[in-house]
Number of protein chains: 2
Amino acid sequence: MDRPPIWLRPERAARGPRPAHSRAEIAAAAVRVADAEGLTAVSMRRIATELATGTTSLYRYVDGKDELFDLMVDHAMGDGRPPAPTGDWRADLTAVAHEQRALMLRHPWLVRLPATRPVLGPNTLAWLEATYAAVDVPGLDADEVLAQAATLLTFVRGHALEEIAELEAARGDQAAMSDWLAKQAQYGERVIGSGDYPHLSRMMLEAETPHAADRFDRLFERSLGHVLDGLAAHRS
Amino acid sequence: MDRPPIWLRPERAARGPRPAHSRAEIAAAAVRVADAEGLTAVSMRRIATELATGTTSLYRYVDGKDELFDLMVDHAMGDGRPPAPTGDWRADLTAVAHEQRALMLRHPWLVRLPATRPVLGPNTLAWLEATYAAVDVPGLDADEVLAQAATLLTFVRGHALEEIAELEAARGDQAAMSDWLAKQAQYGERVIGSGDYPHLSRMMLEAETPHAADRFDRLFERSLGHVLDGLAAHRS
DNA sequence: AGTTTACTGCGCACGCTGTTCGCAGTACGG
DNA sequence: CCGTACTGCGAACAGCGTGCGCAGTAAACT
């Protein structure tokens, strides 16, 4: 059959009965489930039940589970709005970075999904547009704009990925968290004791960041500063 | 039961018969399947069949499928060796970045797995150690070392993620690739025509990078340069 | 040497998954 | 007012991860 991507298909067909649900409705239901119970709870049957419809009816709206994921990603991207541009590129990019990170932390499943395929829904495009708008100034080469925006977005996504991976390893639960930290400490001792990782050991022993409660906030702030400094070197 | 993480468990138990397989053997089989047929082909039954053993025997080696994935990740990380340090931090980090990217492109499933949980096997640690070694110089604050290494690795992972997502959307196949590009172009026209995305449109029309065959190589090179410039600002 | 103990391999079974097919019902275009 | 192109959906299929319990085996202890 090989249908075109969902963003090119009209939501309502020319002929036939009016569909019982909208794409937004379906996406919202799936996002709700994923937020509350994790990505694994999102199954075709489950979302259909959530919408009080038959399981296979979903396939009238979506070409398969991957497209349901596409809808979810773009819907979640609409949860936060790109900040209005102020004209100060550094402030604007900082705002984009913080908003994007917050958005991903609010929907932890988000960083794992677009790994499969690029999603190009309207909300995702709006974020892209906002990032380009912040980077773009008259006289700056288009390829340079592209590279700078990619550098920032790529960094933010990568950071959120690792942050969320660690958060989920501790399962968010406080008891599980300290359990996990204890296991980490035990493993850390073995790593240091082995003598194979001198620099790693120095970091474990000397760095303060890993022990702070807000370590990811601090690390993000610092690393983001580095990235922006790198961009600054290539603008006027 | 709540067993400790696999890296803390001895491979061979004190008592009982000698296990028929080694962890390395299992990891290698799973990596082989994932490389050849994709992550979805990696199932407990499939790997067991590959090892000519019973399906549930695998559970004697691994606490569940997630731990099988852990083994795979660390095994794949051993596919490339961290480059030997030369003393030039910028050259060393560039080498690490290129090697890591190449490694992830060789095992495209790799970027998707650690999203779930942090993997801390010996090969992964070796890479971390090499990165710290490149960044670390006497007199540099440990927290600064941590931040700089995180910035680089995070960026590389993020870049590989997007690169692989696009590669897989085209399914590697040449015919499917041009099909996909045609769809993209069609969508691009609509995006430009809508007038909602002026900067995005400018990029599509003016930038050269997106149309080049080696666009990801170029983008990576340029963005990596930006990141390294950012780090340079915080050293001596 | 004999016994105890802790392990290994593994068949069975359960509940779940994504997706294809075909059929009855419905609203719009001509 | 008919034909056509759609919608909703139940049944069915192949495949998934994994808990349970049992027989066999090798090391440790007496």
Side-chain angles (χ1 to χ4, degrees), chain A residues 1-4 6 8-27 29-30 33-34 37-72 109 112-113 116-117, chain B residues 1-4 6 8-27 29-30 33-34 37-72 109 112-113 116-117:
Chain A
M1 188 65 176
D2 202 31
R3 302 158 81 187
I6 191 167
L8 282 175
R9 299 200 303 269
E11 177 146 13
R12 171 100 153 87
R15 296 253 234 288
R18 159 174 261 280
H21 308 279
S22 72
R23 283 178 188 165
E25 203 180 335
I26 295 172
V33 170
E37 304 167 46
L39 241 201
T40 56
V42 176
S43 71
M44 294 306 246
R45 278 174 241 265
R46 176 64 193 279
I47 303 307
T49 307
E50 211 75 16
L51 295 168
T53 188
T55 307
T56 54
S57 305
L58 274 186
Y59 286 86
R60 291 284 167 203
Y61 298 84
V62 144
D63 204 35
K65 206 191 184 186
D66 281 349
E67 265 192 6
L68 174 63
F69 283 159
D70 287 353
L71 285 184
M72 290 173 66
W109 44 269
R112 233 180 301 170
L113 280 191
T116 326
R117 55 219 311 257
Chain B
M1 190 64 175
D2 203 33
R3 302 157 81 186
I6 192 168
L8 282 175
R9 300 199 302 269
E11 177 146 15
R12 172 100 154 86
R15 296 249 235 288
R18 159 174 261 280
H21 307 280
S22 72
R23 283 177 188 167
E25 203 179 334
I26 294 173
V33 171
E37 304 168 45
L39 242 201
T40 56
V42 176
S43 72
M44 294 306 246
R45 280 173 239 263
R46 175 64 193 278
I47 303 307
T49 307
E50 211 75 14
L51 296 168
T53 188
T55 307
T56 53
S57 305
L58 273 186
Y59 286 87
R60 291 285 167 202
Y61 299 84
V62 143
D63 205 34
K65 205 190 183 187
D66 281 349
E67 264 193 7
L68 174 63
F69 284 158
D70 287 353
L71 285 184
M72 290 174 66
W109 44 269
R112 235 182 299 172
L113 280 191
T116 327
R117 56 219 312 257

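Lettering follows sequence order; numbering is per chain, from 1. Being a predicted model, the structure only gives us computed values, none of them experimental.
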- prompt: How is B:Ser43 classified with respect to the nucleic acid when contacts are heavy atoms under 4.0 Å: base, sugar-phosphate, or nothing?
  reply: sugar-phosphate
field: Touch class at under 4.0 angstrom, heavy-atom based, for A:Arg12 against every strand present
entry: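 Contact class for A:Arg12: sugar-phosphate only.
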Roughly, in whole Å, what's the span from [atom1] in [X] to [atom2] in [N]?
X: A:Met44; N: D:dA14; atom1: CE; atom2: C1'; answer: 17 Å
X: A:Arg60; N: D:dC6; atom1: CZ; atom2: P; answer: 9 Å
X: B:Tyr61; N: D:dT18; atom1: OH; atom2: P; answer: 18 Å
X: B:Arg15; N: D:dG24; atom1: CZ; atom2: C1'; answer: 17 Å

- prompt: In terms of heavy-atom contacts, does CZ of B:Arg18 have more than 12 from other residues, nucleotides or ligands at under 6.0 Å?
  reply: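 No, the 6.0 Å shell around CZ holds no more than 12 heavy atoms from other groups.
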- prompt: Nearest to the side chain of B:Ser57, which nucleotide is it out of D:dA28, C:dG9, C:dT8?
  reply: C:dG9
message: Nearest to the side chain of B:Thr56, heavy atoms from C-beta on, is which of D:dC6, C:dC10, D:dC9?
response: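 In terms of side-chain proximity for B:Thr56, the closest of D:dC6, C:dC10, D:dC9 is C:dC10.
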query: Is the shortest side-chain N/O distance from A:Thr53 to OP1 or OP2 of D:dG8 below 4.0 Å?
result: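 So the side-chain polar atoms of A:Thr53 never come under 4.0 Å of the phosphate oxygens OP1 or OP2 of D:dG8.
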- prompt: Do any side-chain nitrogens or oxygens of A:Arg45 fall under 4.0 Å of OP1 or OP2 in C:dG18?
  reply: no
message: Closest-nucleotide mapping onto DNA chain D: is B:Arg18 or B:Gly64 further toward the 5' terminus? I mean the 5' end.
response: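 The residue whose closest nucleotide sits nearer the 5' end is B:Gly64.
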